[in-house]
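Report on one structure; see the data block that follows.
It should be emphasised that the depicted structure is a prediction, and the values quoted were computed from it without experimental measurement.
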Amino acid sequence: MAPRARVRAPRLTGRGGWLNTGGKDLGLADLRGRIVILDFWTFCCVNCLHVLDELRELEEKHRDTVVIVGVHSPKFVHEADHRAVVDAVERYEVHHPVLDDPELATWKSYAVRAWPTLVVIDPEGYVVASHAGEGHAHAIETLVGRLEAEHAAKGTLRRGDGPYVPPEPVPTELRFPGKALLLPGGTFLVSDTTRHQLVELAEDGERVLRRIGAGTRGLTDGPADRARFSEPQGLAALPDGTVAVADTVNHALRRFDPATGEVTTLAGTGRQWWQGSPAEGPARDVDLSSPWDLAWFADRLWIAMAGVHQLWTYDLRTQVVAAAAGTTNEGLVDGPADQAWFSQPSGLAASGDRLWVADSESSAVRWVERDGDGFAVRTAVGTGLFDFGHRDGAADQALLQHPLGVTALPDGSVAVADTYNHALRRYDPATGEVSTLATDLREPSGAVLAGQDIVVVESARHRLTRLRLPEEAVRVEAVAHRTQRAATDIAPGTLRLDVVFQAPAGQKLDTRYGPSTRLLVSSTPPGLLAGGEGAGTDLRRELVLAEGVTEGVLHVSAMAASCDDTESDSGSAAGENAYPACHVHQQDWGVPVRVTEGGAARLPLVLAGMDDES
C-alpha cells in the first residue's frame, strides 16, 4: 500500500481563549514533540462525557508523552457562554487544556462533523488519525504506543510535564448538585455530583446534616463514610423507605438507606452498555449507560438512560432491569414505546397516569402513558434536535433549551427545569400552554415540592433555591434559535453516503455473528428523502433527494464492531482458547444540508480512519 500524504495539523484558534493553562495561550508549536489528542466536545452531549471518561486512563498512563486538548465546540447558544464552559470544565473534572471555540473556527478547520470527534497529531505536527463517536480508546492507546516507539527512535519525541494548570478550588457546601429529594422528615437529600457524594441538608435547604460517600470516584458499597460514587444524579424514593440513586458515570443504580447510612448496588456492572449487549436480565448482571434520573411509576422504578436514549425499568420484586421505551436511535419520534425515539432523556416525574420526561437534546417535554397492554410515548413540547429557545404560549409553538428536570405540580401541570435558559417553566396539559415561572436561575437541573414552595437545584450556583409557586407567570421576551453549523451543499437527485470505517491497527471487523456494521438514515423534514432512509448493514448508501425540498438535516447513525486480531503470521488461529477483545465504535450525525445545483454528489462521514501508515 502506498503511504498516505502527510497532512499538517491546522492551527488551534478560538475567540473564547484557553482554560486550564494558567492564562497562557497554546499553539501547536508549543506542543511539538508530544502526541496531541484533540477532543472536539460540547458539554450538553452525553457521548462527549463518555469520551472524557474513556480518556482518563490513557491521559494518566501517558502523561509524559501525550497532551489531550479539549476543543469546546458548542451546539446550544448557552454553551457559547464562556462562563458556562468554565463551569463545565470544573463540573466534569477535565484535567487538560481546553480551547473555548464558540464560533467553531477550529471545528471547521479540522472538517469536524459530529460530537464527539478525536483527532490524533503526531510529535512532528501531522494528523495521523481521526475518530468520530465513542469506543475508540483502545485503538488510540495502541496508536499512542506505536507513535511513542517510532518517534523515540527518530529522536522527535519530547517527554516531560504537560501544559495543564489546575484552577484554584472554590469552597462551597455543594458543587454542581444534580437532583434533590424531599425525605419524609422534611430534610433534603441532594446529589452533590462533582464531589461524588450525596448530601443531606436541613429543612432550610442550606445546613449540612451529613455527607454520604468518601468524596472520590469509585464504585464501593458500604457505610456512608466509605461508600463511593461517580457523578451521581437522580434520586427516587422506593416503597421500602430507601432511596435509589442514579450513579451516572458508574453506569449503575445504587440504594441508600437513610436509617442506617448504608449504600448498596441495585443494578449495573460498572461497565457501559454497548449495542449488542443484553437489554434485559438480572439487574446486577446487565450493563447500563449513564442513568440520569429515576421515578417510581406503574409499580416499577423507571430509569432515564441518557447514554442510549432510552427509558429502562427496574423491578424491585424480581430484581430485573429491562429496556422499556426507545430504540437507542437519537431523535424525537412518538408512538408505541418500543418504537419511540428519545434524545438523551435526563429528567423524570410521575403524576397520576403519566410519566413526564425531560428529553434534553431535543429541548422537549414528553410523557409515557399506558396503551393497551403496553406503553406509548407522546410529546407535549419540542420539535426536534435543532430548534430551541425561550418562547411561551401554545405548546406546539413554545421553545425550551436543553431542559434537565421535570416536577409534577399539585394542579396537574408540570414544572420544567429549563436548564440552558436559566429558567423554571410550566406546561399545563389542561390548556396546552407553556409559561415561565421564574428566571435568573443558573442552570437549574431539577426541583422538588416542599409544602407551598418549590425548591430548585441551581446547579451552577451550587445551592438549593426556595421559591413560592407564583399565581401568575413571568413575562419574558420570546427568543428562538437553531443550531448554528454551516450547511453542506449537496446536489439534487442522488447522494452517495459513505461512512468511512477502517478497523484500527491490530484489529479486524468482527463477523463471527453476522454483519459487523449497521447504518440507519432518516431526515428532518421526513420529506427531504424520497429514498434510501431506514436501516441496513452496508456503510454505503444511495440516498434519493425529494424534489422541491431545498434544506434539512440528514440523521445518520453508524456502528461498527472490531476485534483484536489474534491470528499468527501464518494465518492460523491463536488457539481454541483465544478470546479476542472486541470493541464497538458508534456515532450519530446530524448533518445540515442545502440542496443546490453544483453541490456535492457524495457525503463522506468518518467513523474511524487515517491510522498512520506512512
Val243: which of Leu238, Leu183, Leu198 passes side chain to side chain contact (heavy atoms under 4.5 Å, CB included) | Leu183

Salt bridge check: are Asp192 and Arg211 linked by an N-O gap of less than 4.0 Å?
-> yes

Less than 4.0 Å between a side-chain N and a carboxylate O, is that true for Glu443 and Arg91?
-> yes

Evaluate the side-chain proximity of Phe229 to Val263: yes if any heavy-atom separation is below 4.5 Å, no if none is.
-> yes

Do Phe256 and Thr242 have side-chain heavy atoms sitting under 4.5 Å apart?
-> no

Determine, for Glu90 against Arg175, whether the closest basic-nitrogen to carboxylate-oxygen distance falls under 4.0 angstrom.
-> yes

Might you confirm whether atom CZ of Arg317 has over 12 heavy atoms from other residues, nucleotides or ligands at distances under 6.0 Å?
-> no

With a 4.0 Å cut-off, would you call Arg226 and Asp221 a salt bridge?
-> no

Is it true that Trp367 and Phe375 have ring centroids separated by less than 6.0 Å?
-> no

Spell out, as yes or no, whether a donor-acceptor pair under 3.5 Å connects the side chain of Thr172 to the backbone of Leu174.
-> yes

Output yes when Arg378 and Asp334 qualify as a salt bridge under the 4.0 Å nitrogen-oxygen rule, no when they do not.
-> no

When rounded to the nearest 0.5 Å, the distance separating OG1 of Thr379 from CG of Asp359 is 7.5 Å

Which of parallel (below 30°), tilted (30 to 60°) and perpendicular (above 60°) describes Tyr420 and His78?
-> tilted

Counting only N and O atoms by type, is there a donor-acceptor contact under 3.5 Å from the side chain of Ser459 to the main-chain atoms of Gly178?
-> no

Asp240 with Arg255: basic N within carboxylate O range, under 4.0 Å = yes

Inter-residue atom distance Leu385.CG - Ser343.OG, 0.5 Å rounding | 4.0 Å

Are the side chains of Thr187 and Leu201 in touch, meaning some heavy atoms are under 4.5 Å apart?
-> no

Assign the ring pair Phe43 / His72 to parallel, tilted or perpendicular, where the plane angle (0 to 90°) is split at 30° and 60°.
-> parallel

Is it true that a side-chain atom of Glu433 and a backbone atom of Tyr427 form a donor plus acceptor pair closer than 3.5 Å?
-> no

To the nearest 0.5 Å, atom CG of Asp247 lies from atom CG of Leu288 at 10.5 Å

Should the pair Arg463-Glu206 be classified as a salt bridge under the 4.0 Å nitrogen-to-oxygen rule?
-> no

Would you check if the side chain of Asp428 reaches a backbone N or O of Ala430 as a donor-acceptor pair within less than 3.5 Å?
-> yes

So, Trp589 side chain and Ala558 main chain: donor-acceptor pair closer than 3.5 Å or not?
-> no

Please determine which of His196, Arg217, His251 meets the side-chain hydrogen bond (donor to acceptor under 3.5 Å, both in side chains) test together with Ser230.
-> Arg217

Verify whether one side chain among His555 and Thr524 offers a donor that lies under 3.5 Å from an acceptor in the other.
-> yes

State whether a side-chain donor-acceptor pair under 3.5 Å links Glu79 with Thr42.
-> yes

Does any non-hydrogen side-chain atom of Trp296 lie less than 4.5 Å from one of Pro239?
-> yes

Side-chain donor-acceptor pair under 3.5 Å between Gln401 and Ser363, yes or no?
-> no

Do Asp411 and Arg426 have side chains that get closer than 4.5 Å, going by heavy atoms?
-> yes

Between Arg300 and Tyr314, is NZ or CZ placed under 6.0 angstrom from the six-membered ring centre and within 45° of the ring axis?
-> no

Of the options Glu458, His390, Arg442, which is the one that meets His422 in a side chain to side chain contact (heavy atoms under 4.5 Å, CB included)?
-> Arg442

Under 3.5 Å, is there a donor-acceptor pair between the side chain of Trp312 and the main chain of Ala279?
-> no

